[in-house]
2 protein chains.
Amino acid sequence: MSKPEQRPYHHGNLREELLEAGMKMLETTGARDLSLRELSRELGVSHTAPRRHFPDKQALLDALALHGFALLGVAIAKALKDRSLDFKTRLVKLGRAYVGFAVKHPALLSMMFAAKHHDDAPAELLAAAERAFAPSSLAFEDGQAAGDVIPGDSKDLSLLAFTAMQGLVSLSHNGIFRGEKIDLLIGGILEHLILGLKPRKEPAR
Amino acid sequence: MSKPEQRPYHHGNLREELLEAGMKMLETTGARDLSLRELSRELGVSHTAPRRHFPDKQALLDALALHGFALLGVAIAKALKDRSLDFKTRLVKLGRAYVGFAVKHPALLSMMFAAKHHDDAPAELLAAAERAFAPSSLAFEDGQAAGDVIPGDSKDLSLLAFTAMQGLVSLSHNGIFRGEKIDLLIGGILEHLILGLKPRKEPAR
DNA sequence: AAAGAATGTTGTCATTGACACCATTGTTTC
DNA sequence: GAAACAATGGTGTCAATGACAACATTCTTT
């Protein structure tokens with residue numbers, strides 16, 4: 001009569017599954033309507049079980065954001081890992097990686113930034129963001145060493161590039177791109193950016 | 001005993017004051033935590049009074065967004081109204097106007113876009129957004145007529161400019177700018193953009 | 001003046017996040 | 001190996017919220 005596999009008192013892997021299901025719910029219903037109780041129901045635990053792993057809702061969101069920055073960091077590092085490529089090629093790879101991530105995880109990305117800018121964001125989260133973007137600064141330093149990039153703080157220059165990409169992303173949310181058009185724009189925008197970043201001892205080519 | 005000015009049964013100006021107080025609450029507590037009941041309390045009406053003017057919370061947000069697009073439209077039109085100026089000057093004015101708006105009303109702006117991209121956004125809202133950005137397309141057409149801008153759909157080019165500006169705005173949210181630094185960047189970024197937009201019958205200057 | 005439209009109110013419901021307190025299981029230490 | 005304790009899960013409850021129905025008051029229109 002009793003089910004052969006009645007769930008034991010302890011779930012065993014609740015934290016992990018909360019993150020997994022949370023990620024799914026984030027992308028479907030948005031960060032705003034992510035409900036802890038709904039998650040609990042899905043995983044078949046009581047409505048307060050998540051509290052043992054995440055003191056409040058923001059803590060779960062922070063954990064998801066942390067995971068997001070880790071994912072993004074891997075994507076960025078992978079795009080930039082080949083230091084033998086020329087600067088422009090690397091920059092375009094970086095752009096594709098970032099825009100690709102943004103298109104794949106729109107709700108996650110915006111939640112990541114929201115969490116990071118939250119008043120009392122955990123230091124861990126800020127550090128994760130820092131870490132994720134670090135390879136980009138290094139690439140810009142490589143570009144400066146090769147004479148392809150104007151002098152200046154490499155972190156600032158890197159942020160400039162992400163500015164352009166972020167604008168592109170926000171445009172894509174506006175549903176402007178029918179299909180693959182966005183991929184072409186990445187190259188175009190970065191081309192403009194590179195023109196602007198080139199040292200100008202003589203008038204830019 | 002009775003107060004000399006007991007509020008009459010009908011508030012008289014509830015819709016207006018809801019919008020006004022809602023705008024304030026939006027900028028202070030954010031769109032997410034804007035509470036209809038809290039607004040009702042502030043204005044001294046019952047918790048369901050807003051329902052006569054806005055069927056649900058989203059309707060109030062939509063109305064606020066509509067107002068926001070009207071404000072933004074005025075700012076954009078004002079920045080571009082002098083058609084005798086050269087293209088670059090007008091573009092910089094546009095940039096300052098947009099970034100200025102974004103810095104002044106951060107929560108409103110992000111809510112405006114969220115509302116606009118909401119699944120069942122009212123057509124009125126989409127039209128308002130369209131209207132607000134229209135002067136920019138016209139300015140780009142002026143630029144094309146003067147030979148300062150490459151051919152192409154003026155709406156797309158206009159969006160490209162807003163892309164750059166939007167990226168700048170998202171950067172500013174990252175707290176990168178100590179003080180007036182952002183104002184300098186506006187010129188810088190648009191300079192790059194203009195370089196890219198210049199027709200290139202011969203190598204760009 | 002009467003009818004009906006606008007506009008506000010009271011009361012209620014389900015959902016949610018948070019909390020205090022209790023129950024069960026795993027782990028550590030003597 | 002058993003007792004103490006930590007870790008993890010559950011029950012019950014609370015206040016806040018958005019939404020709704022049913023009813024009250026005032027304004028407008030005919």
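Every chain is numbered from 1, with letters handed out A, B, ... down the list of sequences.
The CG-C1' distance, from Asp33(A) to dG18(D), rounds to 12 Å in whole Å. Atom pair Arg52(B):CZ and dC27(D):P shows a separation of 17 Å (rounding to whole Å applied). Look at NZ on Lys57(A): it is 11 Å from C1' on dT15(C), rounded to the nearest Å. Atoms CG (Asn13(A)) and P (dA7(D)) sit 18 Å apart, rounded to a whole Å. Atom CG of Asp56(A) and atom P of dG17(C) are 11 Å apart (whole Å). For the pair Phe54(B) CZ and dG8(C) P, the interatomic distance rounds to 11 Å; values are reported in whole Å. Rounded to whole Å, atom P of dA18(C) lies 13 Å from atom CG of Leu39(A).
When each of His53(A) and Glu38(B) is assigned the nucleotide of DNA chain D with its nearest heavy atom, His53(A) is the one assigned upstream, toward the 5' end.
For Arg131(B), there are no side chain to side chain donor-acceptor pair (under 3.5 Å) partners, not counting sequence neighbours.
A perpendicular orientation is assigned to the rings of Phe133(A) and Phe69(A), their planes being inclined by more than 60° (bins at 30° and 60°).
Two residues are said to be in side-chain contact when any heavy atoms from C-beta on lie closer than 4.5 Å; Leu85(B) and Leu80(B) fail this criterion. Put simply, the side chain of Leu138(B) reaches to within 4.5 Å of the side chain of Glu141(B), judged on heavy atoms.
The local environment of NZ in Lys155(A) is sparse, with at most 12 non-hydrogen atoms from other residues, nucleotides or ligands closer than 6.0 Å.
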Strictly under 3.5 Å: I want the nitrogen or oxygen pairs between protein and nucleotides 12-15 of chain D, one per line.
residue	atom	partner	partner atom	Å
dG12(D)	O6	His47(A)	NE2	3.0

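For Arg51(A) against dG10(D), no side-chain N or O and base N or O form a donor-acceptor pair under 3.5 Å.
Within 4.0 Å of Arg15(A), counting heavy atoms only, lies no atom of the nucleic acid at all.
You'll find that the side chain of Ala49(A) is closest to dG9(D), out of dG9(D), dG18(D), dT9(C). Among dA19(D), dG8(C), dG10(D), the nucleotide with an atom closest to any side-chain atom of Ser46(A) is dG10(D).
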Note to self: For a salt bridge (charged side-chain N to carboxylate O under 4.0 Å, His left out) check, start with the C-alpha distance between Asp142(A) and Arg90(A), then their side-chain angles and the critical distance, and finish with the verdict.
What the structure shows: CA-CA 10 Å; Asp142(A) 289 347; Arg90(A) 295 180 80 194; 2.9 Å; yes
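Proximity of residues 16-31 of chain A to DNA chain C (heavy atom under 4.0 angstrom from any strand atom) is not detected for any residue.
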